[in-house]
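Just so it is clear, the values below take in all heavy atoms, side chains as well, and ignore hydrogens, waters and symmetry mates. Computed from a prediction, not measured in an experiment: that's the story for all the values here. Convention: sequence-line order gives letters A, B, ...; per-chain numbering from 1.
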Amino acid sequence: MLTPENNSLSAAAPGALRQVIRTRFAPSPTGFLHIGGARTALFNWLFVRHHKGRFILRIEDTDEVRSTGDSVNAILDSIRWLDLSWDEGPLDDKRDSGSYAPYYQMQRLELYQKYMAQLVKEGLAYSCYCSKEDLDAMRRLAQLEKRPPRYDGRCRELTQSRRKELEAAGKKASLRFKMPEEGTTVVPDLIRGNVSFENKLQQDFVIRKTTGGPTYNFACVIDDHLMEISHVIRGDEHLSNTPSQIQIYKALGWEPPKFAHLSMILGPDGAKLSKRHGATSVLEYKQQGFLPAALRNYLALLGWSTTDSQQLFTEAELFERFDLAGCQKSPATFDPVKLSWMNGEYIRKMPIARLVKEAEPFIKAAGIASNGGPSLEKAVSLEHEKYKQLTEVPRLIDFFYKPVEFTPQAMDQVLRQSGVKRILVELAEDLNQVSPFTHDILEERVRKFCANRGLKTGQVFHPLRAASTGRTEGPTLFLMLEIMGRDMVISRLKSAAALLN
RNA sequence: GGCGCGUUCGUCUAGCGGCCUAGGACAUCGCCCUCUCAAGGCGGAGAUCACGGGUUCAAAUCCCGUACGCGCCA
């Protein structure tokens, strides 16, 4: 049971602590966490880490039909994977719930009701008995008369007795907020400057649905205030809602937080990024072998930049350099190619042991078992500079662990060339004498092999690679042979030779 | 439809009145390195700063309008 008394907030004076930077990410659990949401969460998080404030996670689950527990889990998993640690929010084994709990809106209904009652009492909100049909008719008429379709305020002045009648007739009521009819509401936005809206063009918006639940615009205000959010950093799509919210703050005698509206993320065709553009869920990026740090770095650059256009940032640099002033007003197009490049940069900088650890799930999923072959560390390190995504690791090392499969190019362009069979047979014999079987000795030996026969190095190197890996591309040859080991190399040379006539 | 926001290389962006013959990054092209593929190094191409008017000695930068895109309301 939540009452103002046991809500610890009543002890803390709202507004008094505003110098503490507090931001929040408030997703609706109606699906997975998508890239746009992740970017919003990231900016809130970076802003807070820069200012040494607190990052709050709040679940806006008041849409009873569309909200699901699975979505909550998917979103929390995504945020955890991205490592955007929240300081307060849904309980988690190691996180403090904070003193502003609960963080699920459905558990805060009594709080909303309290402030709804206050507004009604002060004459700032009123019951509206219009049915969906009434409202539809109103809209159609407005369209016919070429007026903007907005609620005409007809229930504002209902008499007590009329109200009773309607209620007796079983009419369900929503609660509407009385918007001021004159003046303008200015939204001071940290990214866009002052944006003003004329009050007479706004409408008396619903704050409580007929089902009894609060609407987004209302719950959001109550929570942001009670949770002492200092900066509301959210997507552009909420800018038009902000004047309504500011009026609620005013009606309740509260000081609004600072606002910052982030530009949207678009797909390659200029439309808002969505499923038809490919992967939009954060978890899909995990599956595709992106590293959280790389995704964070890439996302940070979508709509934010420094004056020197720095591209790669350590986490500490991001904390230090991030600010709202560097945020872009215009929307940004998501570029998977650049993300991929950046991920490659992160992989290259990663110590090999760490890379192996990160890549292991992908290696296992590809059916590669490391027993019976070289160590994964050795195999993976050979192509360290080549991976852009973790998903590429298995197919660049699998020939160490699986039977050789010859690509058409390896067959046609290399192995089936004349004289190759003989080279392979002789090479197998020659390399069998090599000791120790190390890359420098091997290289010396093979070069000598070429010189003795008057062959160009390429005439031998390429067949050697094709025979031992089945491919025309791969890691640096002699180091690869060393790691493969004498037995495997010799036997592969022999069986490749046997394959040729 | 009304209101709001936006518009610099294909993409992300620097730029906040003279430093801009517009800088960086990804992508692209060429060369070098080289046993292949990468990585790396060097270099090139790529933006009439959406368009049209102003203001100013001077505008990508300030003001107004138009177009287009997007968002919100329904």
Side-chain angles (χ1 to χ4, degrees), chain A residues 132 135-136 138-140 142-151 184-185 187 189 191-193 195-203 205-206 216-217 235-244 261-273 297-312 325-345 347-348 382-388 392 396 409-410 413-414 439 442-443 446-447 450 456-466 469 471-481:
Chain A
K132 193 173 177 301
L135 295 170
D136 283 346
M138 206 181 293
R139 195 181 318 136
R140 272 196 305 274
Q143 272 164 355
L144 225 61
E145 295 173 4
K146 302 232 188 281
R147 286 183 290 111
R150 74 187 246 283
Y151 179 70
T184 58
T185 303
V187 178
D189 188 282
I191 295 172
R192 287 152 210 280
V195 184
S196 31
F197 298 83
E198 277 193 75
N199 292 151
K200 67 165 188 268
L201 298 174
Q202 306 289 318
Q203 62 175 339
F205 61 98
V206 174
Y216 166 78
N217 278 328
D236 206 5
E237 68 270 25
H238 289 112
L239 182 56
S240 306
N241 285 325
T242 311
S244 303
H261 289 93
L262 269 19
S263 57
M264 319 212 39
I265 298 179
L266 274 25
D269 58 354
K272 188 175 168 175
L273 189 69
N297 192 155
Y298 177 72
L299 252 21
L301 253 20
L302 269 192
W304 172 75
S305 62
T306 54
T307 51
D308 58 1
S309 285
Q310 183 175 335
Q311 301 294 307
L312 270 7
C327 288
Q328 195 76 9
K329 295 188 189 84
S330 47
T333 305
F334 186 84
D335 180 7
V337 177
K338 184 162 179 182
L339 203 214
S340 213
W341 161 77
M342 196 170 271
N343 203 58
E345 290 287 323
I347 288 177
R348 259 167 259 138
L382 269 183
E383 300 271 56
H384 196 167
E385 71 289 338
K386 210 173 284 181
Y387 315 114
K388 286 193 158 83
E392 295 165 15
L396 290 179
Q409 291 99 311
Q413 287 163 29
V414 182
H439 66 95
L442 280 164
E443 179 161 1
V446 174
R447 284 189 188 279
C450 298
K456 282 191 267 182
T457 54
Q459 286 177 280
V460 176
F461 287 13
H462 295 306
L464 185 48
R465 174 188 306 286
T469 68
R471 298 169 194 180
T472 52
E473 328 173 326
T476 183
L477 187 57
F478 299 102
L479 207 49
M480 193 262 308
L481 294 176

Which residues pass the ring-ring contact (aromatic ring centres under 6.0 Å, His included) test with [X], not counting sequence neighbours?
| X | result |
| --- | --- |
| Phe334(A) | Tyr285(A), Tyr298(A) |
| His238(A) | Tyr216(A) |
| Phe197(A) | none |

Within the 4.0 Å limit for protein heavy atoms, which parts of [range] are touched? Write it as a string from 5' to 3', B for base, S for sugar-phosphate only, - for none.
| range | answer |
| --- | --- |
| nucleotides 43-49 of chain B | ------- |
| nucleotides 62-71 of chain B | --------SB |
| nucleotides 21-29 of chain B | --BBBSS-- |

request  = Scan Pro475(A) against the nucleic acid and name what it touches under 4.0 Å (heavy atoms): base, sugar-phosphate only, or nothing.
outcome  =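 Result for Pro475(A) = base.
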[X]: what forms a salt bridge (Lys or Arg N to Asp or Glu O under 4.0 Å) with it, not counting sequence neighbours?
| X | result |
| --- | --- |
| Glu345(A) | Arg348(A) |
| Glu443(A) | Arg447(A) |
| Lys200(A) | Glu198(A) |

Considering residues at least two apart in sequence or located in another chain, which fulfil the side-chain contact (heavy atoms from CB on, under 4.5 Å) criterion with [X]?
| X | value |
| --- | --- |
| Ala332(A) | Leu302(A) |
| Ser340(A) | Phe290(A), Lys388(A), Gln389(A) |
| Leu477(A) | Phe461(A), Leu464(A), Arg465(A), Met480(A), Leu481(A) |

query = Can you find a donor-acceptor N/O pair under 3.5 angstrom joining the side chain of Arg465(A) to the base of C35(B)?
reply =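 Checked by distance alone, the answer is yes.
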